[in-house]
Amino acid sequence: MAGLSELEQDLQRAAQLAWDELSHDLRARLLDEARGQRAAALSRLAEHARHAAQADARLAAAGHAPLPADDPAGRVLEHLCPAAAAALASEDPGASGSSPWTARSQKRRGGVYTERPLVDLLLDLAGYHGQERVLEPAVGAGAFLLRAWERARAAGVAPARLAERLRGVDVHPYALREARCALRLLAGEAAPRLVEADALADAEACPAGEWDLVVGNPPYVRGERIPAELRARYRARFPDLGAGNQDLAGYFVAAGLEWLREGGRLAFVLSQGLLEARSTRGLRELLGAHQLEALVSLEWAPGAFPDASVIPLLLVVRKGPPPAGHRVRLGRATWGPGREALEVSWSQLEQGRFLRLAPEGRWPLFLRRGDASLLEGLRRLPTPLEAGYGLAIRTRVGAGELVAEGPEPPASFSAPRPLRDGRDVAAWGTEPVRRWIDYRPEAISDAKSEDFFAGPKLLIPRIALTPQVAVDESDALCRNTVMVARPPAGRDLYATAALLNSLPLRVYAFHLLRAGVLAGSHRCTFYARVLQALPLPTLDEGDEAELARLGREATRLARDPARREQLVELERALDERAALAYGLSASQLRRLRREAGRDPLATVLRPARLGQRRRRIGVAEFAAGARYR
Ligand SMILES: C[S@@+](CC[C@H](N)C(=O)[O-])C[C@H]1O[C@@H](n2cnc3c(N)ncnc32)[C@H](O)[C@@H]1O
C-alpha cells in the first residue's frame with residue numbers, strides 16, 4: 001500500500017475485513033463485475049463506502065439517523081476507526097473523482113436510472129394518485145419511489161399509510177443504499193421498505209397477486225449477458241416467453257403481470273426493440289392477452305437515456321382480458337420547451353386490430369386515423385420476394401487484403417470481381433463500381449455462390465430508414481451491407497423496383513416492418529425476413545408495363561444529378577400508379593401524401609436534398625437528405 005494516504009490504507013483494510021464477511025454469492029457477483037480481479041472489486045467496495053459515508057453525513061446534517069450498517073458499504077464503515085470514518089464523511093462529495101460503479105457493473109445489472117420527466121410521464125400514464133399499493137421491482141437509486149412519495153404527499157396521503165403502500169426491491173446492495181439514503185432524506189424514518197433480493201426469484205420480496213401498480217425501469221440486460229445458470233432458471237420460470245435470446249427486462253414484464261392483482265397496472269420503461277424483435281414474440285403474445293392501455297415511443301425524443309443504447313418505450317398494461325372494443329393508445333413523445341417535460345401526441349386503435357396488423361406479430365408504434373385500413377389492405381397481398389444479404393467478409397482475417405478501392409482491380413488479386421457496398425446503393429441507382437474483391441470463398445464467412453449475385457437483381461441497402469431499391473444489371477458481388485432480392489420469375493424487375501420505392505410501400509414498411517431499429521440512430525435493418533414480408537400486388541400486363549416504364553425512366557433520371565427534380569416529379573406519377581396497384585383509393589393516396597409531409601413520416605420519407613452523398617442515416621443526417629444521392 002506504499003504511496004497511499006493513511007486514510008486510503010485504513011479504507012482498504014476495512015474493505016478487506018468487510019469483504020470476508022460477505023456471502024459467497026455476493027462476492028461472486030462483485031468479482032464478476034470487476035472481471036474476476038479481487039483488488040478491483042475491493043477498491044469498488046471501498047469507493048461505495050466512501051459515498052456511503054458522505055451520504056450518511058448528508059443524513060446527519062438533515063437531522064436523520066444514519067442507515068443501518070448491515071450492507072457491504074455499511075460494514076466497511078463499521079470497520080473504520082471513528083477518526084477515519086469522520087475524515088471520509090467530511091470529504092467533498094465526488095472529490096475522489098471516481099464513480100463507485102464500473103461500466104461493466106452497470107452493464108451486468110442494467111444500471112441506467114430514469115430522469116424525472118420520464119418518471120412523471122409514466123406515473124401519469126399509470127394514473128397514479130397516491131392510494132395504490134406500488135411495487136418497484138428494480139428500484140436502483142429510487143427514481144420512481146421518490147417521485148411517487150412526493151406526488152402522494154402532495155395529494156395529502158399520510159406518511160405512515162404511504163410507507164405501507166410502497167415497496168422497492170433491488171438485487172444490488174450498492175444501489176439499494178443509494179435509494180435508502182435518498183428516501184430517508186425525503187421521508188425520514190417513515191420511508192418505505194426496500195428489500196435486497198432478486199425480484200424474479202424471491203416470492204417473499206415480491207409477493208404475487210398483491211399490487212395495484214408495478215412500476216419502473218427494469219434492467220435491460222441482453223440474454224447472452226445473463227449468467228448461464230440464472231438464464232436457465234428464468235427460462236424455466238417463464239416458459240411462455242420462448243427459448244430465444246430474451247432480455248432480462250422481458251422476464252420482469254412477465255413477472256410483473258404475476259405480481260399484480262387482477263385489474264392492477266404494469267407501467268414500465270422498456271426498450272422499443274423489445275416490442276419489435278423476433279425473440280420477444282412470446283412476450284408480446286403474453287401481453288396481448290391483457291388490456292394494453294398505452295404505448296409511448298421515445299424514438300422522436302432523443303437523449304432520454306444519454307448513456308444507454310436503446311430507444312425507450314413506455315408501456316402501460318392493465319392485468320386482465322381487454323373488454324370488447326378496447327382501444328390501445330399509441331403515443332409519440334417529443335420534448336417540450338427546455339426539455340423539462342415530454343409531450344405526447346396520441347392515436348388509438350382497437351386492440352384486436354392492433355395485434356393483427358403487422359406480419360410476425362410486431363407492434364406498430366404510431367398510426368394516424370385511416371392508417372390501419374390502408375395497412376390492412378396491403379397486408380392481405382402476397383409477399384413473393386426472395387432476399388438474402390451479400391458477402392460477410394471477415395475483417396479479422398484480412399478483409400483489407402481482399403478488398404481494394406479504385407477504378408481498376410489491383411494486379412495482385414488472383415480473382416478480382418467488382419464489389420458493391422451499402423454506400424453505393426440508393427433508390428433507383430447504384431454508383432459505378434469503385435471497389436473490388438479478390439474473390440476467395442475460403443476467406444469469406446458465409447460465402448455465397450457467384451450465381452447469387454447474377455444480374456439483373458434488386459439491391460437494397462441493409463441499413464436505412466426506408467426501403468431504397470435499385471436494379472443492378474451487372475453481376476457485381478455485394479458486401480453484407482447490401483441486400484439482394486428477386487421477385488418470382490417472369491416479373492419485371494423495374495416494375496418491382498417501382499412498387500418497392502413507392503410511397504404506399506414505404507409507409508407500410510415504416511409502420512409494420514421496422515424490426516431491429518438500431519439503437520439511437522433511428523435506422524432500420526432490412527433483414528431478409530423483413531424484405532420477404534413486403535407485399536407486392538399481382539399486376540395485369542398493362543399495369544406491369546407502365547410501372548416498368550416508369551421504373552426504367554426513374555433509374556435513368558437518378559443517374560443524372562441535373563435531372564433530379566424531374567425524378568421527384570416522376571415519382572409522383574409513379575406513386576399514383578403504385579397506389580392503384582396496391583388498391584388504394586384516390587382519397588387514401590391524398591391522405592397518405594398529406595401525412596408524408598408531417599412528422600414522423602416527413603422525417604422518414606423526406607425527399608431529396610439533391611447532390612448529397614449518403615453515408616449514415618440517422619434522423620439528423622437524414623434531414624440533410626438521403627433518399628437519393
Ligand atoms: C435500469 S435500472 C433502473 C433503476 C430505477 N428503476 C430507475 O429507473 O432509475 C435497473 C435496476 O435493476 C436492478 N436489478 C438487476 N437485476 C435485478 C433483479 N434480478 N432483481 C432486482 N433488481 C435487479 C439493478 O441493480 C438496477 O439498479
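Remember, it's 1-based here, ligands and their atoms both numbered in the order they're listed. The structure presented is a predicted model; accordingly, all values stated were derived computationally and were not measured.
Between Arg133 and Glu210 there is a salt bridge, since a side-chain N of the basic residue sits under 4.0 Å from a carboxylate O of the acidic one. A salt bridge does not link Arg75 with Glu78: every distance from a Lys NZ or Arg NE/NH1/NH2 to an Asp or Glu carboxylate oxygen is 4.0 Å or more. Taking 4.0 Å as the cut-off between side-chain N and carboxylate O, Arg261 and Asp212 count as a salt-bridged pair. The pair Glu8-Arg50 meets the salt-bridge criterion, since a charged nitrogen lies less than 4.0 angstrom from a carboxylate oxygen. Under a 4.0 Å N-O distance rule, the pair Arg29/Asp32 does not qualify as a salt bridge. Using a 4.0 Å cut-off between charged side-chain N and carboxylate O, Arg329 and Glu293 make no salt bridge.
In terms of protein heavy-atom proximity, atom 19 (N) of ligand 1 is nearest to Asp198 OD1, 2.9 Å. Looking from atom 7 (C) of ligand 1 to the surrounding protein, the closest heavy atom is Thr114 OG1, 3.3 Å. Of all protein heavy atoms, the one closest to atom 11 (C) of ligand 1 is Asp170 OD2, 3.6 Å. The protein atom (non-hydrogen) at minimum distance from atom 1 (C) of ligand 1 is Gly110 O, 2.8 Å. In terms of protein heavy-atom proximity, atom 20 (N) of ligand 1 is nearest to Ala199 N, 3.0 Å. Here the protein heavy atom with the shortest distance to atom 26 (C) of ligand 1 is Arg109 NH1, 3.3 Å.
Per-residue contacts place Ala143 under 4.0 angstrom from the following atoms of ligand 1 (heavy atoms of the residue considered): 9 (O). Under a 4.0 Å criterion applied to the non-hydrogen atoms of Gly140, ligand 1 contributes the atoms 4 (C), 27 (O). Atoms of ligand 1 found under 4.0 Å from any heavy atom of Phe144, numbered from 1 in the order shown, are 8 (O). Below 4.0 Å from some heavy atom of Ala197 lie the following atoms of ligand 1, by number and element: 20 (N), 21 (C). Annotation for ligand 1: atoms under 4.0 Å from non-hydrogen atoms of Pro137 are 21 (C), 22 (N). With ligand atoms numbered from 1 in the order given, ligand 1 contributes 19 (N) to contacts under 4.0 Å with heavy atoms of Tyr234. Close approach to His172 involves these atoms of ligand 1, each under 4.0 Å from a residue heavy atom: 25 (O).
At least one N or O atom of Glu136, backbone or side chain, sits closer than 3.5 Å to an N or O atom of ligand 1. Residue Ala138 places at least one N or O, backbone or side chain, under 3.5 Å from an N or O of ligand 1.
Contact annotation: for Val139 versus ligand 1, heavy atoms closer than 4.0 Å belong to the backbone alone.
A donor-acceptor contact closer than 3.5 angstrom is absent between the side chains of Gln131 and Arg161. Under 3.5 Å, the side chains of Gln16 and Arg38 contain a donor-acceptor pair of N or O atoms.
Cation-pi check for Arg462 over Phe526 is not met; the charged atom does not lie both under 6.0 angstrom from the ring centroid and within 45 degrees of its normal.
A search for salt bridge (charged side-chain N to carboxylate O under 4.0 Å, His left out) contacts involving Arg147 returns Asp120, Glu150, not counting sequence neighbours.
Scanning Val269, Leu176, Val171, Val169 for the heavy atom closest to atom 14 (N) of ligand 1 points to Val171. Relative to atom 3 (C) of ligand 1, the option among Asn217, Leu118, Val195 with the closest non-hydrogen atom is Asn217. Across the listed options Tyr174, Phe252, Tyr251, Tyr113, Phe252 owns the non-hydrogen atom lying nearest to atom 18 (C) of ligand 1.
Taking every heavy atom of both residues into account, Thr525 and Val530 meet most closely at O-CG2, 4.1 Å.
Listed by first and then second residue, the ring pair (Phe, Tyr, Trp, His ring centres under 6.0 Å) pairs involving residues 244-265 are Tyr234-Tyr251, Phe238-Tyr251 (not counting sequence neighbours).
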